[in-house]
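Worth knowing before you read on, the calculation uses all heavy atoms, side chains too, and leaves out hydrogens, waters and symmetry mates.
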Amino acid sequence: MKMNRMSKTEIPAASGTNITSNASAISTAASSSTAQRTFLSKYRLHKKFVAAARILLLVVFLSVWELTASHQIIDSFIFSSPSKIARCFLDMVSDRSIFLHLGVTLYETIVSFLLVIVFSILTAVLLWFSKKLSEILEPYLVVLNSLPKSALAPLLIVWLGATRTTIIVAGMSVAIFGSILNLYTSFMSADPGKMTLIYTLGGKRHQVLTKVVLPSSIPAIISNMKVNIGLCLVGVIIGEFLAAKEGLGYLIIYSSQVFKMDWLLMSICLLCLFAMCLYALINQLESCYLKRNKR
């Protein structure tokens with residue numbers, strides 16, 4: 001009887017303890033959710049502030065440029081003005097000449113970029129397969145990567161002629177050697193534990209490549225793509241300076257020779273927008289990969 005009385009008296013105490021612990025857990029969860037909402041609202045506010053500051057900075061810069069040019073504080077013939085650049089762009093849109101130059105530069109940049117990605121991955125895989133070959137070629141790749149690529153452009157014109165192929169090769173030459181070195185470094189830093197596991201289970205080297213090395217190097221490949229798209233554009237513009245009759249690079253060098261500063265600055269502004277759009281495209285590709293990888 002005493003034992004039954006004791007158990008009866010202990011039951012309410014235990015249930016009271018459970019209620020207290022549940023209440024404290026609920027209050028903790030509520031406070032954490034409140035802190036999370038506060039953090040998210042601060043983060044959104046920060047993002048809005050950064051975006052507004054960027055737009056404001058651009059508007060202030062363009063306004064100061066326009067005002068100083070219109071009041072002859074700076075020479076509008078040499079420095080031009082945003083309104084003149086906009087009129088020049090609209091005139092070239094109306095006669096459709098600007099689309100030819102944009103299309104040529106876009107085509108050459110995309111082709112050189114795709115070729116750089118393909119050749120750099122294949123070469124990095126070849127170097128990963130053969131350690132002796134990588135040791136032989138590494139100093140040459142380092143030297144070629146550090147070589148000023150603008151020095152190669154005249155040589156490419158002599159070898160290949162003033163053709164579109166020369167411009168594409170010039171675009172490739174700026175990015176390909178650094179891309180090979182970066183990808184090879186990424187391949188060599190793959191998880192050794194996973195590779196050992198595959199070898200232990202009787203796997204071959206090509207299975208290590210497809211199951212471990214390449215999947216783990218996808219972030220490095222995408223990062224290389226971000227860098228290479230800008231480098232290929234730079235190389236294409238260098239090639240167009242020397243061996244083109246159309247394209248934004250040709251438009252820049254021609255307008256500088258005949259002192260059409262509106263054309264020159266418009267071409268530079270278009271190149272900036274061009275680079276931003278291409279980079280945003282690669283960034284979107286990275287976002288899609290990260291979302292898919294989280295699932």
Side-chain angles (χ1 to χ4, degrees), residues 62 65 69 75-119 144 147-179 225-282:
L62 294 176
W65 185 9
D75 192 344
S76 60
F77 175 76
I78 296 176
F79 293 98
S80 189
S81 66
S83 59
K84 287 184 178 181
I85 294 172
R87 282 196 299 270
C88 176
F89 175 72
L90 293 175
D91 290 341
M92 296 190 77
V93 167
S94 62
D95 63 14
R96 298 183 179 275
S97 60
I98 191 64
F99 297 116
L100 172 65
H101 299 293
L102 283 172
V104 168
T105 302
L106 177 62
Y107 168 78
E108 293 165 347
T109 303
I110 295 298
V111 171
S112 62
F113 170 71
L114 294 177
L115 289 174
V116 164
I117 295 299
V118 172
F119 278 111
L144 289 172
L147 183 70
K149 305 309 181 293
S150 56
L152 291 176
L155 187 62
L156 293 174
I157 294 172
V158 174
W159 286 350
L160 303 175
T163 62
R164 190 168 291 180
T165 303
T166 304
I167 298 170
I168 292 173
V169 173
M172 292 178 61
S173 67
V174 176
I176 190 166
F177 302 113
S179 180
M225 291 169 67
K226 286 182 177 181
V227 176
N228 289 340
I229 193 66
L231 293 177
C232 288
L233 181 59
V234 170
V236 164
I237 296 302
I238 292 173
E240 287 180 348
F241 281 169
L242 302 174
K245 295 181 180 178
E246 51 199 11
L248 290 178
Y250 163 77
L251 202 60
I252 290 173
I253 202 70
Y254 172 76
S255 58
S256 66
Q257 290 170 350
V258 298
F259 287 95
K260 289 190 174 182
M261 295 297 110
D262 301 340
W263 285 20
L264 190 144
L265 289 169
M266 179 203 66
S267 302
I268 292 174
C269 292
L270 288 175
L271 278 178
C272 293
L273 293 173
F274 209 52
M276 285 175 59
C277 292
L278 292 173
Y279 183 84
L281 190 64
I282 305 298

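Partners of Glu240 under the salt bridge (Lys or Arg N to Asp or Glu O under 4.0 Å) rule, at least two apart in sequence or in another chain, do not exist in this structure. Residues passing the side-chain hydrogen bond (donor to acceptor under 3.5 Å, both in side chains) test with Ser80, sequence neighbours excluded: Asp262. Applying the side-chain contact (heavy atoms from CB on, under 4.5 Å) rule to Ile252 yields the partners Phe241, Leu264, Ser267, Ile268, Leu271; only residues at least two apart in sequence or on another chain are considered.
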What do the steps show when you test Leu242 against Leu156 for side-chain contact (heavy atoms from CB on, under 4.5 Å), and what is the final call? CA-CA 10 Å; Leu242 302 174; Leu156 293 174; over 6 Å; no

Would you please test Ile110 and Leu278 for side-chain contact (heavy atoms from CB on, under 4.5 Å) and show each step? CA-CA 9 Å; Ile110 295 298; Leu278 292 173; 4.1 Å; yes

Given the rule in the side-chain contact (heavy atoms from CB on, under 4.5 Å) test, do Val93 and Phe99 qualify, once you have shown the distances and angles that lead to the verdict? CA-CA 7 Å; Val93 167; Phe99 297 116; 4.0 Å; yes

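Leu100 places none of its side-chain heavy atoms less than 4.5 Å from the side chain of Arg96. At a threshold of 4.5 Å between non-hydrogen side-chain atoms, the residues Thr105 and Leu233 count as touching. Proximity of Leu115 to Val169: side-chain heavy atoms (C-beta onward) are nowhere separated by under 4.5 Å. Put simply, the side chain of Ile282 reaches to within 4.5 Å of the side chain of Phe113, judged on heavy atoms. Proximity of Val111 to Arg164: side-chain heavy atoms (C-beta onward) are nowhere separated by under 4.5 Å. A 4.5 Å side-chain heavy-atom check between Leu144 and Ile176 finds every atom pair outside the cut-off. Looking only at side-chain heavy atoms (C-beta outward), Met261 and Phe79 stay at 4.5 Å or farther from each other. Looking at heavy atoms from C-beta onward, Leu231 lies out of side-chain contact with Val116 at the 4.5 angstrom threshold.
The closest donor-acceptor contact from the side chain of Thr166 to the backbone of Ala162 lies at 3.5 Å or more, if one exists at all. With hydrogens and angles disregarded, a donor-acceptor distance shorter than 3.5 Å links the side chain of Ser112 to the backbone of Glu108.
Using the six-membered ring where Trp is involved, Tyr254 and Trp263 have ring planes that are tilted, between 30° and 60° apart.
In Phe274, the CZ atom is crowded: over 12 heavy atoms of neighbouring residues, nucleotides or ligands sit closer than 6.0 Å.
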